[in-house]
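Taking it in order: structure first as structure tokens, then the write-up.
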Protein chains: 2
Amino acid sequence: MATGRTHRPATRSRGIPEATVARLPLYLRALTGLSERSVPTVSSEELAAAAGVNSAKLRKDFSYLGSYGTRGVGYDVEYLVYQISRELGLTQDWPVVIVGIGNLGAALANYGGFASRGFRVAALIDADPAMAGKPVAGIPVQHSDELEKIISDNGVSIGVIATPAGAAQPVCDRLVAAGVTSILNFAPTVLTVPDGVDVRKVDLSIELQILAFHEQRKAGEEAAAEAAHPVAAHRGDSTEQGPDGDVPAVMPA
Amino acid sequence: MATGRTHRPATRSRGIPEATVARLPLYLRALTGLSERSVPTVSSEELAAAAGVNSAKLRKDFSYLGSYGTRGVGYDVEYLVYQISRELGLTQDWPVVIVGIGNLGAALANYGGFASRGFRVAALIDADPAMAGKPVAGIPVQHSDELEKIISDNGVSIGVIATPAGAAQPVCDRLVAAGVTSILNFAPTVLTVPDGVDVRKVDLSIELQILAFHEQRKAGEEAAAEAAHPVAAHRGDSTEQGPDGDVPAVMPA
DNA sequence: ATGTCTTTGTGAACGCGTGCACAAAGATGG
DNA sequence: CCATCTTTGTGCACGCGTTCACAAAGACAT
């Protein structure tokens, strides 16, 4: 899970479990697809398959929102789209700022998934004076000096940090001081924020490391299987290097 | 949590809980920072603070790896870096391919966090013939036709998908058929893969939506607090544009 | 109206993850 | 060598999340 919450003691906001909230966007996307194909109703089984989850889980998730289904029939697609959108707060307009317009920041500015979901890129901000005025995704980049003014003029409450690691905390502090209360952090750093501010972290490197762990484990099991069946030698890896690589220097208790 | 696992019934790989594995990269980063500053040892309390977690949790996490600390002193930084790296499989070289060299793919190719952690970008692949040969991050982009050959020649087992949503599943299928067994997916789609293949998902839009939910909730509470202040309006939750917006058309059971 | 059939909504059980609190272990000083 | 002090490693309890399994609810046909 690439999610890094920041000190909210498992608060179930208004009775909706955090895990459920995290899945609502998934359902919403699947439903939007159905809606575009003019599918009128959908069963929990079908929708669950489209969203890649268990149908029981989906039904329980929806039960936290209310009784929006019809037994024997399923869920009305349009109605459910509306209910979930409203629950997530996507029926209103969320101006966001992106700070740090490097490769990643530019990618985010160009990302279509924002505008289609009620998010509006209010401004792109970078510390490099050479970037100022240069348009990215049709929006002129503004200098960091303008940060506080931009936030307050546009009523921005959500900020995206795509700066290098070193700049992240200072930028974060300025965002918070200016009134931002939700931060999506792409910089590989642990951000410290006051109470009441939400931080979510996306870390590309961490995701890859988790994959590497499982990959290594799979390679190890495969090697063990090969040792049992010395014939089927797939993938000439290296010289056998099992899951432990070499011998641990300290014996576990 | 930007994490989307794919059908692994909470398998605790080799006794290490999934939640712990997800935190190991976090510890590793904090430790690397200490190592660069030549700090010899660190206590669980200090390291936990640097990694942004609870110290008890950190100690329990490390206990799954073995007894690598010294009571009364703490943990040896260098030794711990090595142990965690080995556990995550970062002592070996992981060639990865990035498919889909748009804004995001380019950002990933330029991302420094990969190379420094045992990952090597073996190839950049794109379906657009116009991109072929063009260097991105110093690596010439190759055409999709070469995909299978690249994977097998380089022994690639980890693939990164940064294509548009529509192209993701076909690309995924080809990657898997060619031998890739771990996939990091940035496309906003649910990927279907055979057993034995790991998928992790990073979805920028979903993270923002989760933030919007909490933001809305905060705004609602704030409004409720304001409503309570002026004349102490008890339970005025119906006419107020609170967290519910408008009145639900269906009454919950 | 009655029965059958489909699908929801949920009570209950279970398992994982988290955090507390403390005993064990080792360092350090006298 | 003994006492004290620091910090680890972990047993235990608790709460959240997941899954099962089924009763209730409604559609639909007769």
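Sequence lines set the chain letters: A, B, ... in the order given, protein chains first and strands last, and positions in each chain run from 1. Because the structure is a prediction, the values reported are computed rather than measured.
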query = Just by protein heavy atoms under 4.0 Å, how would nucleotides 23-30 of chain D read 5' to 3' in B, S and -?
reply = -BBSS---
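Side-chain nitrogen and oxygen atoms of S44(B) include at least one within less than 4.0 Å of the OP1 or OP2 phosphate oxygen of dT8(D).
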Could you write out each protein N or O paired with an N or O of nucleotides 18-21 of chain C at a distance under 3.5 Å?
from, atom 1, to, atom 2, distance (Å)
dT18(C), OP1, R23(B), NH1, 3.0
dT18(C), OP2, R23(B), NH1, 3.2
dT18(C), OP2, R23(B), NH2, 2.9
dG19(C), OP2, K57(B), NZ, 3.3
dG19(C), O6, K60(B), NZ, 3.0
dA21(C), N6, R59(B), NH2, 3.4

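In this structure the side chain of E18(B) reaches within 4.5 angstrom of the side chain of I210(A), judged on heavy atoms. Under the 4.5 Å side-chain criterion, counting only non-hydrogen atoms from C-beta, V160(A) is in contact with F186(A). In this structure, the side chains of T181(B) and D198(B) stay at 4.5 Å or more apart for every pair of heavy atoms.
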S35(B) vs E78(B), side-chain hydrogen bond (donor to acceptor under 3.5 Å, both in side chains): CA-CA, chis, key distance, verdict = CA-CA 7 Å; S35(B) 173; E78(B) 297 300 330; 2.6 Å; yes
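No hydrogens or angles considered: nothing links the side chains of T32(A) and E36(A) as a donor-acceptor pair under 3.5 Å. For the 3.5 Å distance criterion, the side chains of Q83(B) and Y79(B) qualify, holding a donor opposite an acceptor. Side-chain N/O atoms of R86(A) and T91(A) include no donor and acceptor closer than 3.5 Å.
For the pair L58(A) CG and dC20(D) P, the interatomic distance rounds to 14 Å; values are reported in whole Å.
Here the side chain of T20(A) pairs no donor or acceptor atom with the backbone of I16(A) at under 3.5 angstrom.
Within residues 29-37 of chain B, no residue has a heavy atom under 4.0 Å from DNA chain D.
Using a 4.0 Å heavy-atom distance criterion, Y75(A) is classed as a sugar-phosphate-only contact.
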